[in-house]
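Single-structure report; data block below.
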Amino acid sequence: MSQPITRQDFDALMMPVYAPAAFIPVRGQGATLWDQQGKDYIDFAGGIAVNALGHAHPALRQALEQQAAKFWHTGNGYTNEPVLRLARQLVMATFADKVFFCNSGAEANEAALKVARKYAHDHFGPEKSGIVAFKNAFHGRTLFTVTAGGQPSYSQDFAPLPPDIHHAIFNDLNSAAALIDDNTCAVIVEPVQGEGGGLPADGEFLKGLRELCDKHHAALIFDEVQTGVGRTGELYAYMHYDVVPDLLSTAKALGGGFPMGALLAKESFADVMVPGTHGTTYGGNPLAGAVGHRVLELINSREVLDGVKQRHHWLVGRLHEINQRYGLFSEIRGLGLLIGGELRDEYQGKAKQILSLAAEEGAMVLIAGPSVIRFAPSLIITETELEHGLRRFERACERFLGEGLS
Ligand SMILES: *Cc1c(COP(=O)(O)O)cnc(C)c1O
């Protein structure tokens, strides 16, 4: 008989880059998960903004199982129908003319930065290599993307870092203007900083970046890895702002839990990438293509997108109520179902403690840094699940105030 698997096995066997919860989920349905002991949890974490259609959605299961019975992989010496169907959908639904598929958000951003560099080098020369990014941004964990990210604690241990990447202050156009010049090849920005705390960009800020990029012939890259695929109540967040990027990275919810990423590009940028310039073994494989196609079909409907806005009001409304009672948050903000609650000064650094108490009460939430509680649930979470989960979260807040201050 094989030994049972326990949480202790994580500490014994896994490289300790994570500190996962004390319980192990074994099954999910909609926005509910069950652990090994059969205890249920309402899932406001959504696999970090990935499970946009909840767990074990029947239509996604069907798409995966149908493709799994046909073939899984050929490599990019051959194309396949599912991925071409998905590419057509993405091109029809967005500004993009061309798509590159990969397996994660970091890879999509890596591709975006490489395309921007090559475009600039091909058209203007090798000195046009500067990348402007923002403090507190998150773009992934490859060396290039982690350096573009604006959290030195994530990159400094891996020096020497790729050069010519500069960080301005998010939502401060003057600080960006001071760094953008004719040697800038790209500006990369999240329309809502996800890991940075669910912080939406100001419309004027993004419009200003678009103008600066036009003036200096730099690519404007929107990192929509977290905000994409309906999360904000539009298919992509750029649609809220009426600012069109040149390149857009998307991942997380695109596969609804199946690993996949994509870079969306305008023709002129896509054109500099010819056979041999970039690639990946698994990118655009038929399993991911089949699932992604179904995800997009389901989410890119008025019903689901308007439902996100409706759920935003439910969730934010309830959080304000809870806050009136317990006064934990100094601000509740966000767009669609990407919502951050910033802890008041006296509770700074305590987000993880609240997360753990919430899990004990049967509600899964996220944090974004040490002082923000983040919610990124399924876009189709039911009102009952939401109510239920927030009642549990409220109990966790109550306990936090009882225990946390003692
Ligand atoms: C999660 C995230 C990434 C990285 O995606 P991975 O799939 O973990 O590589 C990049 N950018 C943003 C905005 C993200 O939220």
Side-chain angles (χ1 to χ4, degrees), residues 15 17-18 20 45-52 100-116 131-151 154-155 158 165 167 170-171 186-201 206 209 220-232 236-238 240-241 245 247-264 280-285 288 291-292 295 334-340 365-369 372 374-377 379:
M15 192 181 290
V17 294
Y18 310 112
I48 316 187
V50 166
N51 303 310
F100 170 77
F101 286 102
C102 52
N103 315 289
S104 68
E107 283 174 85
N109 285 324
E110 184 88 13
L113 296 171
K114 285 178 75 175
V115 170
I131 290 164
V132 173
F134 294 91
K135 295 193 162 86
N136 280 321
F138 184 78
H139 300 301
R141 299 289 198 158
T142 65
L143 200 55
F144 202 2
T145 57
V146 84
T147 308
Q151 300 200 52
Y154 287 178
S155 58
F158 310 107
I165 299 176
H167 292 93
F170 187 69
N171 272 341
V187 174
I188 182 167
V189 66
E190 296 160 88
V192 181
Q193 283 195 334
E195 301 305 306
L199 198 63
L206 294 182
L209 292 181
L220 181 60
I221 304 169
F222 277 3
D223 178 347
E224 293 228 30
V225 170
Q226 189 151 164
T227 54
V229 200
R231 175 62 46 194
T232 64
Y236 285 96
Y238 80 86
H240 283 282
Y241 289 97
L247 298 163
L248 181 153
S249 54
T250 176
K252 291 207 163 93
L254 184 58
F258 196 93
M260 80 175 311
L263 175 64
L264 310 187
T280 154
T281 295
Y282 293 118
N285 81 66
V291 178
V295 169
L335 213 51
L337 284 173
L338 179 52
I339 292 163
V365 298
L366 295 165
I367 58 177
V372 175
R374 180 172 36 146
F375 297 80
L379 307 184

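Both ligands and their constituent atoms are indexed starting at 1 by order of listing.
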- Message: Tell me the contacting part of Glu190 for ligand 1: side chain, backbone, both, or neither, using a 4.0 Å heavy-atom threshold, strictly below.
- Response: side chain

- Assess whether side-chain contact (heavy atoms from CB on, under 4.5 Å) is satisfied between Asn285 and Phe101, documenting all intermediate values. CA-CA 9 Å; Asn285 81 66; Phe101 286 102; over 6 Å; no

- Would you indicate which of Ala148, Ala49, Gly105, Gly149 comes nearest to atom 6 (P) of ligand 1 when only heavy atoms are counted? Gly105

- Item | Numbered atoms and elements of ligand 1 in range of Lys252, under 4.0 angstrom, heavy atoms | 1 (C), 2 (C), 3 (C), 14 (C), 15 (O)

- Testing Leu247, Ile188, Leu206, Leu209 for side-chain contact (heavy atoms from CB on, under 4.5 Å) with Leu220, which one passes? Leu209

- Task: Heavy-atom contacts with His139 under 4.0 Å: which atoms of ligand 1 show up? List them by number with element.
- Result: 10 (C), 11 (N)

- Task: Check ligand 1 against Gly140 and write out every atom of the ligand that is under 4.0 Å from a heavy-atom position of the residue.
- Result: 4 (C), 10 (C)

- Message: List ligand 1 atoms under 4.0 Å from Asn109, heavy atoms only on the residue side.
- Response: 10 (C), 11 (N)

- Query: How about atom 8 (O) of ligand 1: does it have a protein heavy atom within less than 4.0 Å?
  - Reply: no

- Item | Thr145 contact mode with ligand 1 (heavy-atom cut-off under 4.0 Å) | neither

- Item | Shortest protein contact, atom 11 (N) of ligand 1 (heavy atom only) | Asp223 OD2, 2.7 Å

- Is any N or O atom of Glu195, backbone or side chain, closer than 3.5 Å to an N or O atom of ligand 1? no

- Item | Proximity of Ser104 to ligand 1 by residue part, where a heavy atom lies under 4.0 Å | both

- Query: Is a donor on one side and an acceptor on the other found under 3.5 Å between the side chain of Tyr241 and the backbone of Ala201?
  - Reply: yes

